[in-house]
Amino acid sequence: MRQVKAGNVEELRTLFERYSSRLLSFFMRLTGDRDASEDMVQEVFYRILKFRGTFKDRGGFAPWIYTIARRVWIDRARKGRSHPPLAHLELELRSAEPSPTHHLERQEEANLLRRALLCLPRDKRDVLVLSRFEDLRYDQIATILGCEVNTVKTRVHRALRQLREAYMNLAGVRSS
Amino acid sequence: MNCGQIDADMADYLREGIPAARRAELEEHAAGCPRCARAIDAMVEVWRLMGKIPPSQVRPKMRLRFDEMLATFQAGQANEGRTRNRRRWPGLLKAAAAVFLLLAGVAAGYMMSQAGGHLDAEGKSLLLIYEPRGFSKGLSPAQRAEMDREYDDWWWRLQREDRLIGWVRVSPDGGHSIHGPDELEELVPLARQANGEDLVWVVVIHTADPDEAAEVARGCPALAVGARVEIRTQGGPA
C-alpha cells in the first residue's frame with residue numbers, strides 16, 4: 001500500500017490478489033448477494049485509489065481496508081440495495097461447495113446460519129463477521145467500528161446470542 | 001467469578017484469547033453453574049457453526065472489471081498529470097515560485113490575502129473551516145470516529161460530483177496533511193497562520209460561483225457541532 005500511496009498504482013494489483021477474495025467473502029457474509037458483493041469489492045479498490053493519500057502506515061493496512069469496505073457496505077445499504085433474494089443465497093451455497101452426500105448436513109447448517117446472520121441488525125452482523133472471519137484483533141475491530149475494545153467484545157457476545165436465536169427459529173421453522 | 005463476568009469474557013473465550021488462569025476460573029464456574037454451562041456451550045456451538053460458512057471465490061469477470069477500472073484510473077491520471085504540468089510550470093510561474101520561496105518568511109500577511117492565487121485564477125473557491133477550540137478533545141473516541149466518517153462521506157460525495165480539488169488540514173501541533181494536487185502546498189502558510197483562530201481545514205473546490213460554494217459548505221459535517229465555514233471565491237470573501 002505504501003507503493004500505491006507513493007503513486008505506483010500498478011501495485012494495486014498485488015493488493016487485489018491478496019484481498020479480493022477476503023473482501024468478497026466479507027460482503028457475501030454481510031449481504032448474501034454475489035452481484036452486490038462483487039460491485040462492492042470493486043468500489044473498495046476504487047476508493048483505495050481515490051483515498052490512497054489518506055492511508056497511514058501506523059494503524060496497519062487491514063483495519064484501513066476494512067474501514068473502507070464497511071463504509072461501502074453502509075453507503076450501499078443506505079441506498080436500499082442490500083437485500084438479496086434468498087433463492088440467490090441458496091444457489092451461491094450450492095455452487096460454492098459440491099454436494100457429496102456426507103456434506104449435505106453441513107451445507108444445510110451453513111445455509112441456515114447464513115440466513116440467520118442476514119436476520120441480524122447491521123451493527124451486529126458486521127461485528128460478528130469481522131471477529132469470526134477476518135483475522136482481526138479486537139483492538140483493530142474497535143478501530144474499524146470506531147468504538148472501545150470492550151464495546152466490541154460486548155457486541156460480539158450479544159450478537160452471537162441473537163444469531164443463535166435466529167438460527168434456532170429458522171431451524172424450528174424448517175423442521176416443523 | 002460470577003455469571004456476569006462470564007458474559008464479559010465470552011468474546012475472548014471464543015477466540016482463545018483469554019489468559020489460561022482466567023479460562024480455568026471460567027470453566028470452574030461453569031462446572032458448578034448449569035445456566036452458564038449451557039450458555040457457554042450454546043455460544044461455542046454457534047461460533048463453530050459460523051466457521052462452516054464457506055469463503056467465496058473470485059470469478060474471472062471480477063478480475064476483468066478490476067483491470068478495466070485500474071486502466072481507466074491510470075489513463076485519467078496520465079491526462080490529469082499532463083494538464084497539471086502544463087498549468088504548473090510555465091516559465092513565468094516558475095519565476096513566481098522562486099520569488100515566493102524567497103519571500104515566504106516575510107510575506108505571511110500578503111499570503112493571507114493572496115493564498116491560493118493561481119488556484120483561484122482557474123475558477124476555484126476555498127472553504128476555510130474553523131472548528132471550535134477544544135472541539136476535538138471534547139469528543140469521545142466514538143464521536144471522533146463518527147465525525148471522521150462524516151468527513152470521509154463529504155470528501156467522497158464531493159469527489160464523486162467532481163467538485164473537490166483537495167484539502168489541507170492543520171493539526172493543533174502545527175503539523176499538516178494535504179490531499180490533492182501538489183499546488184495545495186501553497187495553502188499551508190494560510191492554514192498555519194489562521195490555525196491560531198481554530199482553523200482546521202482549507203478545502204478547495206472547482207467553482208468560483210459563491211452560491212455553489214455556499215451549497216458545498218452547507219454539507220460540512222462540522223457545522224452541526226458549531227464550526228464556522230468561510231468561503232473565499234475568486235473575488236475574495238463571499
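Chain naming here is simple, since letters A, B, ... match the order of the sequence lines and numbering starts at 1 in each.
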**Q** What is the minimum heavy-atom distance between B/V58 and A/S20, and which atoms define it?
**A** CG2-OG, 3.6 Å
**Q** Any donor and acceptor pair, going by atom type alone, linking the side chain of A/S25 with main-chain N or O of B/S56 inside 3.5 Å?
**A** yes
**Q** To the nearest 0.5 Å, what is the distance between OH on B/Y13 and NZ on A/K153?
**A**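 The OH atom of B/Y13 sits 15.5 Å away from the NZ atom of A/K153.
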**Q** Determine whether a donor-acceptor pair (N or O, by modelled atom type, separation under 3.5 Å) exists between the side chain of A/Y138 and the backbone of B/A11.
**A**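 Flag set: sc A/Y138 to bb B/A11 pair under 3.5 Å.
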**Q** Check this for me: B/E28, atom CD, are more than 12 non-hydrogen atoms of other residues, nucleotides or ligands nearer than 6.0 Å?
**A**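 No.
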**Q** Using a 4.5 Å cut-off on heavy atoms from C-beta on, say whether the side chain of B/P55 contacts that of A/F26.
**A** no
**Q** Can you tell which part of B/M62 gets under 4.5 Å to a heavy atom of chain A, answering side chain, backbone, both or neither?
**A** both
**Q** Measuring only between side-chain heavy atoms, which start at C-beta, is A/E38 closer than 4.5 Å to B/K61?
**A**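 Result yes, sub-4.5 Å side-chain heavy-atom pair found.
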**Q** Examine distances only and state if a side-chain atom of B/R15 and a backbone atom of A/S131 form a donor-acceptor pair shorter than 3.5 Å.
**A** yes
**Q** One pair to check against side chain to side chain contact (heavy atoms under 4.5 Å, CB included): B/L49 and A/R164. What are the steps and the verdict?
**A** CA-CA 10 Å; B/L49 273 176; A/R164 184 172 181 277; over 6 Å; no
**Q** Counting C-beta onward and ignoring hydrogens, is there a side-chain heavy-atom pair between A/R132 and B/I53 closer than 4.5 Å?
**A**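 Heavy-atom side-chain distance check fails, nothing below 4.5 Å.
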**Q** Compare all side-chain heavy atoms of A/L113 with those of B/K52 and state whether any distance is below 4.5 angstrom.
**A**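 When only atoms from C-beta onward are counted, B/K52 and A/L113 do not touch, as no gap falls below 4.5 Å.
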**Q** Inspect the surroundings of CZ in B/R48 and state if more than 12 heavy atoms from other residues, nucleotides or ligands are less than 6.0 Å away.
**A**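 Yes - once you tally the heavy atoms of other residues, nucleotides and ligands closer than 6.0 Å, there are more than 12.
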**Q** Please assess B/R59 against A/D35 for the test salt bridge (Lys or Arg N to Asp or Glu O under 4.0 Å), listing each intermediate value before the final yes or no.
**A** CA-CA 11 Å; B/R59 296 189 289 199; A/D35 288 339; 3.6 Å; yes
**Q** Do B/M10 and A/R161 have side-chain heavy atoms sitting under 4.5 Å apart?
**A**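 Heavy-atom side-chain distance check fails, nothing below 4.5 Å.
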**Q** Measure distances from A/V41 to the heavy atoms of chain B and classify the residue's part below 4.5 Å as side chain, backbone, both or neither.
**A** side chain
**Q** Pick from A/R137, A/E10, A/R155: which one has the most heavy-atom pairs with chain B under 4.5 Å?
**A**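 The answer is A/E10.
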**Q** Go through the steps to decide whether A/L163 and B/M50 satisfy the test side chain to side chain contact (heavy atoms under 4.5 Å, CB included), and finish with yes or no.
**A** CA-CA 10 Å; A/L163 177 65; B/M50 285 182 79; 3.7 Å; yes
**Q** Check each atom of B/D9 against the heavy atoms of chain A and say whether the ones under 4.5 Å are side chain, backbone, both or neither.
**A**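 Contact with chain A involves no heavy atom of B/D9 at all.
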**Q** Measuring heavy-atom distances to chain B, does A/T154 have an atom under 4.5 Å in its side chain, in its backbone, in both, or in neither?
**A** neither
**Q** Can you tell which part of A/Y167 gets under 4.5 Å to a heavy atom of chain B, answering side chain, backbone, both or neither?
**A** side chain
**Q** Using non-hydrogen atoms only, which part of A/L128 is less than 4.5 Å away from chain B: side chain, backbone, both, or neither?
**A**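 Both backbone and side chain.
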**Q** Can you tell me how far CG of B/D12 sits from NE2 of A/H157, rounded to the nearest 0.5 angstrom?
**A** 12.0 Å
**Q** Just wondering, do B/W47 and A/V156 contact through their side chains at under 4.5 Å, heavy atoms?
**A** yes
**Q** To the nearest 0.5 Å, how far apart are CZ in B/R63 and CZ in A/F16?
**A**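 Reported value, rounded in 0.5 Å steps: 5.5 Å.
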**Q** Measuring heavy-atom distances to chain B, does A/I48 have an atom under 4.5 Å in its side chain, in its backbone, in both, or in neither?
**A** neither
**Q** Just wondering, do A/L49 and B/L70 contact through their side chains at under 4.5 Å, heavy atoms?
**A** yes
**Q** Specify which of A/N150, A/L136, A/T151, A/V129 makes the most heavy-atom pairs with chain B at under 4.5 Å.
**A** A/L136
